[in-house]
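This report concerns only the one structure given below.
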Amino acid sequence: MAKFTLNVNGKTHQVDAEPDTPLLWVLRDNLKMTGTKFGCGIAQCGACTVHVDGEATRSCVTPVEVAADSDIVTIEGITGAEAKAIQEAWVKHDVPQCGYCQSGQVMSAVALLRETPQPGDAEIDDGMSGNICRCATYVRIRQAIKTAAQTLKG
């Protein structure tokens, strides 16, 4: 066991964990932030996506020792113009079906819009390719991202 300092959603937390413990489990078990979901455990589905220093990161394969002293943002703390636009577009286009993958989808979509404010279909497909939706709402996700981009464009 080791002690780590984590800055999550703007708050500093001290946690005791093994250095190789995935950030996902520290968030869920130690900090009780359960919005970030476990899907596959091998960084293939995207359900566990959080932002680490502004980058979409798969928390299921990111050791807590790597994330320590970084700025971590989870679905519970995502803010800003892109986040607001994505959240509103998600509702407008009725994106969620079962909802399980949605926190990871939203986190990836926000990161995409921050990097590429006006993405085309290929950029959306590429930016969202690491996120699997078992309900196959990909068409609605793509449309919601386009709507959010238009909202941000003004």
Side-chain angles (χ1 to χ4, degrees), residues 1-87 89-90 95-117 119-142 144-145 148-149:
M1 272 305 173
K3 187 172 286 292
F4 295 96
T5 300
L6 298 178
N7 180 355
V8 182
N9 301 331
K11 295 181 182 169
T12 302
H13 302 272
Q14 297 291 321
V15 296
D16 291 318
E18 294 297 330
D20 62 347
T21 302
L23 177 61
L24 170 68
W25 299 117
V26 172
L27 292 171
R28 290 181 61 80
D29 295 344
N30 296 60
L31 301 181
K32 306 303 181 206
M33 294 181 182
T34 58
T36 304
K37 304 300 184 201
F38 172 76
C40 67
I42 57 172
Q44 296 297 304
C45 75
C48 68
T49 304
V50 298
H51 293 179
V52 177
D53 291 333
E55 299 218 11
T57 303
R58 305 302 188 241
S59 64
C60 71
V61 295
T62 303
V64 67
E65 70 180 340
V66 171
D69 300 319
S70 297
D71 288 321
I72 301 163
V73 178
T74 68
I75 192 70
E76 291 93 344
I78 192 72
T79 60
E82 296 87 356
K84 183 175 189 275
I86 284 291
Q87 291 163 347
W90 244 239
V95 172
Q97 203 160 337
C98 82
Y100 195 82
C101 70
Q102 293 307 302
S103 61
Q105 299 278 1
V106 166
M107 297 302 286
S108 290
V110 169
L112 170 64
L113 288 181
R114 287 181 178 163
E115 185 175 308
T116 309
D121 287 347
E123 291 164 312
I124 292 170
D125 291 348
D126 185 54
M128 299 301 290
S129 66
N131 292 78
I132 295 172
C133 176
R134 290 180 178 104
C135 300
T137 64
Y138 300 112
V139 172
R140 292 189 301 227
I141 289 169
R142 182 188 288 153
I145 292 170

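The first residue in the sequence is number 1, and the count goes up from there.
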Quick one: does [X]'s side chain get under 4.5 Å of [Y]'s, heavy atoms only?
X	Y	answer
P19	F4	yes
V73	M107	yes
E65	E18	no
R58	L24	no
M33	N9	yes
I145	W90	yes
C133	Q105	yes
L23	V52	yes

Just verifying a value: how many Å separate [X] [atom1] and [Y] [atom2], rounded to the nearest 0.5 Å?
X	Y	atom1	atom2	value
T21	D29	OG1	CG	9.5 Å
M128	L112	CE	CG	7.0 Å
I141	S108	CD1	OG	10.0 Å
L27	H13	CG	NE2	9.0 Å

Show the nearest heavy-atom pair for residues [X] and [Y], with the distance to one decimal.
X	Y	result
L113	P119	CD2-CD, 3.7 Å
A89	A144	CB-O, 3.2 Å
A17	V64	CB-CG1, 4.3 Å
G120	E123	N-OE1, 2.7 Å
G41	V61	O-CG1, 3.8 Å
Q102	P96	CG-CB, 3.8 Å

Apply side chain to side chain contact (heavy atoms under 4.5 Å, CB included) to residues Q87 and V110 and explain how you reach the verdict. CA-CA 9 Å; Q87 291 163 347; V110 169; over 6 Å; no
Is it true that the side chains of E76 and T74 contain a donor and an acceptor less than 3.5 Å apart?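 On atom types as modelled, these side chains qualify, holding a pair under 3.5 Å.
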Is it the case that over 12 heavy atoms from other parts of the model lie below 6.0 angstrom from the CD atom of E55?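 No, the 6.0 Å shell around CD holds no more than 12 heavy atoms from other groups.
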Polar side-chain atom of [X] near backbone of [Y] as donor-acceptor pair, under 3.5 Å:
X	Y	value
S59	C48	yes
N131	G104	yes
D53	D71	yes
S103	G35	yes

What pairs of residues pass the ring pair (Phe, Tyr, Trp, His ring centres under 6.0 Å) test when at least one of them lies in residues 32-77, not counting sequence neighbours? W25-F38
Taken in chain and number order and not counting sequence neighbours, the residues that satisfy side-chain contact (heavy atoms from CB on, under 4.5 Å) with K3 are Q14, D16
